[in-house]
Amino acid sequence: MTKHDPSLESVPPIGEAQIDQFWNTVDLNDPHVAIAQMKSLITEFGLDDAIAHFEMASVYDAIGFESEAATEYEAAPPSASRALVCRRHTFNMARRFATSDEPAKR
């Protein structure tokens with residue numbers, strides 16, 4: 001039996017730093033670029049379905065594409081991380097309240 005190594009708990013999943021960097025720098029006023037960047041990250045890091053669907057839903061939600069966001073949220077498997085969902089919703093709501101601009105137009 002292998003001993004538990006607590007130092008491994010702090011190792012972020014592959015791509016998490018890049019996803020965080022995306023959210024720290026994304027220009028939500030250019031929705032098509034934001035969508036393309038997230039799709040590229042999902043592909044590059046081979047994110048699992050739960051994370052991929054929630055990240056795409058979060059992008060759509062942040063740019064005001066609610067129906068696309070709902071579709072992605074519904075497509076996410078039930079095993080999706082609640083912490084990830086809460087973190088992204090908090091981020092999206094903070095960004096929405098921080099700006100008085102209308103959601104991006106398609």
Side-chain angles (χ1 to χ4, degrees):
M1 180 173 204
T2 306
K3 286 187 175 183
H4 174 70
D5 183 353
S7 67
L8 294 177
E9 292 175 7
S10 64
V11 176
I14 294 173
E16 185 174 338
Q18 291 81 358
I19 297 289
D20 286 344
Q21 180 67 20
F22 166 85
W23 284 109
N24 289 328
T25 61
V26 65
D27 179 2
L28 297 176
N29 293 313
D30 195 346
H32 299 290
V33 170
I35 292 166
Q37 288 174 334
M38 181 53 73
K39 285 182 179 180
S40 177
L41 286 171
I42 289 168
T43 301
E44 179 179 353
F45 293 102
L47 301 180
D48 70 34
D49 284 349
I51 294 172
H53 285 296
F54 274 106
E55 292 295 353
M56 284 308 305
S58 295
V59 171
Y60 287 131
D61 207 10
I63 60 177
F65 292 10
E66 285 85 11
S67 64
E68 290 86 345
T71 300
E72 289 290 338
Y73 285 128
E74 290 169 4
S79 63
S81 167
R82 303 253 331 136
L84 176 66
V85 176
C86 292
R87 186 172 72 181
R88 291 294 178 243
H89 276 296
T90 300
F91 175 84
N92 289 337
M93 294 307 293
R95 292 219 49 179
R96 281 189 178 182
F97 287 120
T99 179
S100 60
D101 294 335
E102 291 292 315
K105 302 294 182 219
R106 292 182 213 208

Side-chain donor or acceptor of Asn24 paired with backbone N/O of Asp20 under 3.5 Å = yes
Please assess Phe22 against Gln18 for the test side-chain contact (heavy atoms from CB on, under 4.5 Å), listing each intermediate value before the final yes or no.
-> CA-CA 6 Å; Phe22 166 85; Gln18 291 81 358; over 6 Å; no
Interatomic distance, Ile51 atom CD1 to Glu16 atom CD [nearest 0.5 angstrom] = 8.0 Å
Student check: side-chain heavy atoms of Thr71 and Tyr60 closer than 4.5 Å | no
How far does CD1 of Ile19 sit from CD of Glu55, to the nearest 0.5 angstrom?
-> 5.0 Å
Taking Ser58 for the side chain and Phe54 for the main chain, is one N or O donor matched with an acceptor at less than 3.5 Å?
-> yes
Identify the residue among Leu28, Asp27, Val26 that makes a side chain to side chain contact (heavy atoms under 4.5 Å, CB included) with Asp30.
-> Asp27
Would you say the side chain of Lys39 lies within less than 4.5 Å of the side chain of Ile35, judging by non-hydrogen atoms?
-> yes
